[in-house]
Structures are given as structure tokens and as C-alpha cells.
Amino acid sequence: MAKRRVVIKLSGRIFGIENSEKLLKDYATFLVKISKICQPIIIAGGGKIARHYISHARSSGADESTLDELGIEISRLNAKLLIYALKDKAYPHPPTTLAETRHAVDSGLIVVAGGLHPGQSTNGTAALIAEKVHASEFLNATDVDGIYDSDPNKNPKAKKFKRIELRNLRNILVHEDSHAGGYDLMDIVALKVIERSKIKTRVLKADISILEKAIKGSPVGTEIII
């Protein structure tokens, strides 16, 4: 019987130069361990490195679609780093289309992707991949430990939700900045996909122990109610 598939969007921070190589190896060890009970499909974020390249290119006059493509390239490089750490447990390269992603997942290996299409965040990409491969769950592992009523990095009194209805989250997102480096809750594309395919979704801290609890069914982070 095929294992249930769990899509995990990993914050680009994990791949950043401020972290040691050991962190990525720890994630690889965790993913191999958890692959005994499910098939992980990982989408790597671009993080500060992508924002650095995008900022330089923007200052040189590059258009927004070109900047998107640049961010996708960086996220795929991040994905490759994790693939190398996973060795033969991973599909050997990041898929570049939804069809290729489906083929990679059918291999039964751990799949690591970056971005796919300009105009889409890696959150939107992760939701589309979850839809395409009929994942049982989408875990959005971010730099914060869940969804708040305002940016907890700016407001120390921000209230965290254990559960939030999708329509209420959409209303919060309308008032959030969408520029690179903003408070990365989720995006409208991701929410539309989650809603139409009723994908079980949770936003949580990008931390190995918390991810393991979520995969094993603990109510960590914030659950999005459809």
C-alpha cells in the first residue's frame, strides 16, 4: 500500500549562510526517518539569498517576471543542497513542472523541489504540488510558530490562532505587505488551491521536533479550517 504523502514547504532560512551545514544534514536525517511512515515532498524557499539577488537585479532595472525567475533559480539551488544531503533517498534533481513533480513522487523517493512558475510564491507552488499528488497534508514551515492576528515580529501583543477559518485568514492577508521579506503567512494563490481541493493545511515553526509532532498528528502551529 502506498504511503500517505505529506507536502512540507521549508523556510528559506534553513538554507541560509547564517546556518551551519549540520542543520541541513539534521533535516536530511529527520526526513529519512519520517519517510518510514509517510512520503515527504519538500518545497525549498529562497530565503535571504534569493532576496539578496532579487534586490541587486531590481536595482539594475530587471523586470518583475525576471526577478521571479531569479528567485526560482535560488530556491532550486537550495533544493539541490538538501537532495545532496539526502543522497540516494531523494529523487536526484528538483522537478521543474507539476507533471515532472508527479512523476518524481511516483518514484516513492523523497522529492525536493524549488519554485515552478513566475508569479507564484513557493507557498503557492507547495499548495499546487499538494493538490497534484493528492497529499494527505500540507505543512507550511515558516519563521514563526503559527498564524497571528498581526505580525508578531512588529507587534509583541499579537495573538496566535490555534485554528483559523480560511475566509478569516484571507481577510488578514489583504492587509499584509506582499513584498519580499514581509510577514510570510501564506498567499492568496495558496489559499485558493487549499480551498478548492480541501487540503488539510497547518502553518508551524520550521523546527524538526515540531514538524515531527505535526506529521504524527499533534495539533502544533495553526490549523487552517476550510
Side-chain angles (χ1 to χ4, degrees), residues 1-12 31 34-35 37-46 68 71-72 75-76 79 91 94-142 144 146-147 161-174 176 178 183-206 210-211 213-226:
M1 191 171 70
K3 293 176 187 170
R4 67 188 175 100
R5 295 164 173 172
V6 177
V7 167
I8 304 169
K9 156 66 198 316
L10 274 185
S11 166
L31 291 169
I34 215 72
S35 69
I37 63 170
C38 68
Q39 183 184 11
I41 297 117
I42 313 302
I43 292 82
D68 280 346
I72 288 169
S75 68
R76 287 176 182 167
Y91 190 76
T96 59
T97 66
L98 280 175
E100 192 184 338
T101 303
R102 180 61 192 260
H103 175 74
V105 169
D106 286 344
S107 73
L109 295 166
I110 298 169
V111 175
V112 191
L116 295 182
H117 306 294
Q120 255 174 32
S121 73
T122 41
N123 290 331
T125 296
L128 281 165
I129 288 173
E131 180 180 64
K132 186 71 174 177
V133 305
H134 304 292
S136 65
E137 190 168 15
F138 167 27
L139 301 176
N140 186 7
T142 72
V144 291
I147 297 170
F161 299 101
K162 287 187 177 179
R163 307 171 88 207
I164 185 169
E165 291 193 12
L166 188 141
R167 67 174 181 271
N168 293 337
L169 177 54
R170 187 182 286 118
N171 290 336
I172 292 173
L173 286 179
V174 166
E176 287 295 333
S178 60
Y183 176 36
D184 188 22
L185 278 168
M186 194 67 84
D187 64 33
I188 297 300
V189 172
L191 289 187
K192 284 181 177 176
V193 175
I194 290 164
E195 186 173 35
R196 74 187 182 191
S197 289
K198 296 180 170 49
I199 301 165
K200 184 180 176 185
T201 303
R202 192 173 288 279
V203 177
L204 68 168
K205 181 84 170 175
I210 292 171
L211 274 168
K213 286 177 183 174
I215 289 168
K216 291 180 176 177
S218 294
V220 292
T222 302
E223 181 184 1
I224 298 175
I225 307 299
I226 302 159

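Everything quoted here is computed from the prediction, not taken from an experiment. The figures here come from the full heavy-atom set of this structure, side chains too, leaving out hydrogens, waters and symmetry mates.
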Does the side chain of [Y] come within less than 4.5 Å of [X]'s, by heavy atoms?
{"X": "K132", "Y": "T101", "answer": "no"}
{"X": "E131", "Y": "F138", "answer": "no"}
{"X": "L211", "Y": "L10", "answer": "yes"}
{"X": "L128", "Y": "Q120", "answer": "yes"}
{"X": "Q39", "Y": "V133", "answer": "no"}
{"X": "P94", "Y": "V112", "answer": "no"}

Ignoring hydrogens, what is the shortest heavy-atom contact between [X] and [Y]? Give both atom names and the distance.
{"X": "I72", "Y": "P118", "result": "CD1-N, 3.6 Å"}
{"X": "A44", "Y": "A79", "result": "CB-N, 3.8 Å"}
{"X": "G124", "Y": "V189", "result": "CA-CG1, 4.3 Å"}
{"X": "V193", "Y": "A127", "result": "CG1-O, 3.4 Å"}
{"X": "A130", "Y": "V7", "result": "CA-CG2, 3.7 Å"}

Distance (rounded to the nearest 0.5 Å) between [X] [atom1] and [Y] [atom2]:
{"X": "N123", "Y": "I188", "atom1": "CG", "atom2": "CD1", "value": "11.5 Å"}
{"X": "T222", "Y": "K162", "atom1": "OG1", "atom2": "NZ", "value": "10.5 Å"}
{"X": "H103", "Y": "Y91", "atom1": "NE2", "atom2": "OH", "value": "4.0 Å"}
{"X": "R202", "Y": "I147", "atom1": "CZ", "atom2": "CD1", "value": "10.0 Å"}
{"X": "E165", "Y": "I226", "atom1": "CD", "atom2": "CD1", "value": "11.0 Å"}
{"X": "L98", "Y": "T125", "atom1": "CG", "atom2": "OG1", "value": "8.0 Å"}

Hey, is the main chain of [Y] close enough, under 3.5 Å, to the side chain of [X] for a donor-acceptor pair?
{"X": "T122", "Y": "G45", "answer": "no"}
{"X": "S218", "Y": "V220", "answer": "no"}
{"X": "S136", "Y": "R5", "answer": "yes"}

- Dump the intermediate steps for side chain to side chain contact (heavy atoms under 4.5 Å, CB included) on I129 and L116, then the final yes or no. CA-CA 10 Å; I129 288 173; L116 295 182; 4.2 Å; yes
- Assess whether side chain to side chain contact (heavy atoms under 4.5 Å, CB included) is satisfied between I8 and I215, documenting all intermediate values. CA-CA 10 Å; I8 304 169; I215 289 168; 4.0 Å; yes
- Whether over 12 other heavy atoms sit under 6.0 Å from R4 CZ: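 Yes, the 6.0 Å shell around CZ holds more than 12 heavy atoms from other groups.
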- Check the surroundings of atom NZ in K200: do more than 12 heavy atoms from other residues, nucleotides or ligands lie under 6.0 Å from it? no
- Task: For the pair M186 and I224, evaluate side chain to side chain contact (heavy atoms under 4.5 Å, CB included) and give the outcome as yes or no after the intermediate values.
- Result: CA-CA 11 Å; M186 194 67 84; I224 298 175; 3.8 Å; yes
- Message: Is there a side chain to side chain contact (heavy atoms under 4.5 Å, CB included) between R102 and D106? Walk through the geometry before answering.
- Response: CA-CA 6 Å; R102 180 61 192 260; D106 286 344; 3.5 Å; yes
